[in-house]
Number of protein chains: 2
Amino acid sequence: MASIKDVAAEAGVSVATVSRVLNSHPSVSADARARVLAAVESLGYRPNAVARSLRTDQTRTLGLVISDVLNPYFTELARSVEEAARALGYSVIIGNADERPDLQDHHVRTLLDRRIDGLLVSPTDGGSPLMLEAARAGTPMVFVDRWIAGVDVPVVRADGQQAVRDLVSHLHRLGHRRLAIIAGPAATTTGSERVEAFREALREHGLPLPDELIGQGDFQAASGRRVTEAFLALPEPPDVVFAADNLMALGALDAIRARGLRVPQDIGLAAFDDIPWFVHTDPPITAIAQPTGELGRAAVRALVDRIEGRPPESVTLPARLVVRRSCGENFPENSSENSSENSPA
Amino acid sequence: MASIKDVAAEAGVSVATVSRVLNSHPSVSADARARVLAAVESLGYRPNAVARSLRTDQTRTLGLVISDVLNPYFTELARSVEEAARALGYSVIIGNADERPDLQDHHVRTLLDRRIDGLLVSPTDGGSPLMLEAARAGTPMVFVDRWIAGVDVPVVRADGQQAVRDLVSHLHRLGHRRLAIIAGPAATTTGSERVEAFREALREHGLPLPDELIGQGDFQAASGRRVTEAFLALPEPPDVVFAADNLMALGALDAIRARGLRVPQDIGLAAFDDIPWFVHTDPPITAIAQPTGELGRAAVRALVDRIEGRPPESVTLPARLVVRRSCGENFPENSSENSSENSPA
DNA sequence: ATCCTCTGTGTAATCGATTCCACGAGGAGG
DNA sequence: CCTCCTCGTGGAATCGATTACACAGAGGAT
């Protein structure tokens, strides 16, 4: 592969001049510029990003470590992050942690070794020493979706508190009283926050949240299935199950169906995180939708601000309830449901 | 960030010795090794992958350019590719082309600039000059899922011909005669092959495939919706619609539902590419499942073989039909459907 | 005692870019 | 005509690693 030296030789100039042309430095004669450009063209020369990075100490690359690529929510987040980064001239390297702290550490380490300019993380756990150390050492970093307390890192996330309150009101109005939740790992903020918001909303309606109606999941479908089976085996099963993410909702649906029960007649189901498929499940699933695209864009903006020396800003955006039929029917103001869908691309 | 020089100074040896220790070269004394390791530990030193890559001319990184991350099929493919690559000591950088040739080119160019060791591509179109040139120039490359004819690059893909034949038999047995297909872009192999397999299978049953029952889609949900609307507006609409990928099936479902029709009573629906959600749609969707994980692993194996100087192998694996209820009921041998599911993680 | 072979180590070149510094030519101002 | 800038350019240092080569000293063979 042709290097800058080859171009210089071909154009009859020094490598310095070639470099100046390529970086549009002002002081290059029109003649030299033309010759260099011609040489670049004829050799099919492309600058070696590795060499450039070594010298300039910047890679124009962002790392994104997400908890689970198979979760459509994170896929969409990743897509919007890449798009926003590309618009600003950055590439993105995605690391998939599969909800495993060891894998998360692996990716963080690899990304750091590659000297990425900044790191976007949705932490799988309470924070590994590695990540905390990186933050303290000054690696530009932004938490997205989930975060870790006590670390001075901007956070970009959705606030589901009001939406959860709306959900509980909705359920209450439909006559449901025994409400259960499939929680995410307590070590994650989204895992514990959603339970807290749910508990708080129940309290406002004078409803209890007994321990047997809090199932411990891990944001994966299998755990949703397991927890739901336990709920259904209770002497007094819940009226509605609220899954803290869409994969656990899928598992819950599996379990309910395996038991031969119908949604919503026998038991209701709701989920955090909305996805296009929820419109077509049997029945369509009531869910809390996050402004995923906007989160990704805001996260990139914050990280790039931090990288380029501007003060980064934490951002919190509201999530919103999308009512469908999985918790019961007869919702007059719900007839226009289709128009409020976030239409799939 | 500490460099190899700092480690050398701290350990009281030369950088050469540090490098030898780090690369487990044999000729280093136990004493020196211990001092270096101690220095590495105390400084928290991590080798700079950028510098190492420049010198060794290898990045231990694979590029993966896929057509659409939002498509669960590609997400799963990406996941298995990353997993297989990691097991072999490689990282993966994913580029999402969103079915846009210009974006695909952008990613290929960026990956090449970063001097990745090899490239895995699922081409969005018939092949840009850039990609063909890269292949000719000797960049290790493997096509996965889709490919481009006339280029000497190994191909790892699934063969759906028999599965499509099984699907058509199934439909025929259920009494369906007017069968329509939502095709993918003709420029992609999967776009044209699936139509050909479908046409061929119909011919075996003495059924025609008139032009009005071939809709031109682009593998995105919106096109599935549009094409299906056109089908439904025909004087004689089809009995069944077969979508060439899962996103177009989603769009088809949207269109059918918007028209107030029921699946499968009013019209049947089947899809290429199976995903966990198809079990829970209303009704569960009959689909052709690809051995996605195995494809990803085989692709990485082929690419790494090529990179490391072994002869790479093209691989073709069979896809298989998974019958559910979206094309009609009364299938006695179909009662054990649940056991044949590929269970979601 | 001499010579040879190993072993362990350091010096320096190298990868492909960027960029500081110096220098020559040419124009402006005195 | 001399001085001083400005402009365009090239030489060389540099980033952080790897590795060829040289060499010192230990130990074995003769």
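Naming convention: chains lettered A, B, ... in sequence-line order (proteins, then strands); numbering from 1 in each chain. Quantities reported herein were computed from a predicted structural model and do not represent experimental measurements. Heavy-atom basis, side chains included; hydrogens, waters and symmetry copies ignored.
- Positionally, the nearest nucleotide of DNA chain C for B:S14 lies more toward the 5' end than for the other of B:S14 and B:A51.
- One atom, CG of A:D57, and another, C1' of D:dT14, lie 12 Å apart when rounded to the nearest Å.
- What separates CG of B:N48 from C1' of D:dC15 is a distance of 9 Å, to the nearest Å.
- Note on B:V13: only backbone sugar-phosphate atoms sit closer than 4.0 angstrom, heavy atoms only; bases stay farther off.
- Listed nucleotides: D:dG10, C:dT18, D:dG16. Nearest to the side chain of A:T56: C:dT18.
- Among D:dT9, C:dT9, C:dT18, the nucleotide with an atom closest to any side-chain atom of A:V15 is C:dT18.
- Within 6.0 Å of the CG atom in B:N23, the count of heavy atoms belonging to other residues, nucleotides or ligands exceeds 12.
- A:T292 places none of its side-chain heavy atoms less than 4.5 Å from the side chain of A:R79.
- Here the C1' atom of nucleotide C:dT19 and the CZ atom of A:R52 are 13 Å apart, to the nearest Å.
- Atom CG of A:D102 has more than 12 neighbouring heavy atoms from other residues, nucleotides or ligands inside a 6.0 Å radius.
- Across C:dG8, D:dG10, D:dT18, the shortest atom-to-atom separation from the side chain of B:N23 is found for D:dT18.
- Phosphate contact (OP1/OP2 of C:dT9, side-chain N/O of B:S29, threshold under 4.0 Å): present.
- Whole-Å rounding puts the A:L54 CG to D:dT14 P distance at 14 Å.
- If you measure from atom CG of A:D6 to atom P of C:dC15, you get 11 Å, rounded to the nearest angstrom.
- Atom NZ of B:K5 is separated from atom P of D:dA13 by 13 Å (rounded to the nearest Å).
- Atoms NE2 (B:H25) and C1' (D:dA20) sit 11 Å apart, rounded to a whole Å.
- Listed nucleotides: C:dG8, D:dT9, C:dA17. Nearest to the side chain of A:P47: C:dA17.
- Closest to the side chain of B:I4, out of D:dG16, C:dT18, C:dA17, is D:dG16.
- Counting non-hydrogen atoms under 4.0 angstrom, B:A32 reaches the backbone sugars and phosphates but no base.
- Taking every side-chain heavy atom of A:T17 into account, D:dG10 is the closest of D:dG10, C:dG16, C:dT9.
- Checking C:dG10, D:dA17, C:dT19 against every side-chain atom of A:A16, the shortest atom distance belongs to C:dT19.
- Salt-bridge annotation for B:D113 and A:R46: present, with a side-chain N of the basic residue lying under 4.0 Å from a carboxylate O of the acidic one.
- Rounded to whole Å, the distance from CZ on A:R46 to P on C:dA17 is 11 Å.
- A:R20 has no side-chain polar atom (N or O) that falls below the 4.0 Å cut-off from OP1 or OP2 of D:dT9.
- Residues B:D125 and B:P101 approach most closely at OD2-CB, 3.4 Å, considering heavy atoms.
- In this structure, the nucleotide among D:dG10, C:dA13, C:dG8 sitting nearest to the side chain of B:R55 is C:dA13.
- Projected onto DNA chain C by closest heavy-atom contact, B:D31 and A:S3 fall at different nucleotides, the more 5' of which corresponds to B:D31.
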Stepwise side-chain hydrogen bond (donor to acceptor under 3.5 Å, both in side chains) check, B:T59 with B:R114: CA-CA 8 Å; B:T59 50; B:R114 284 164 181 273; over 6 Å; no

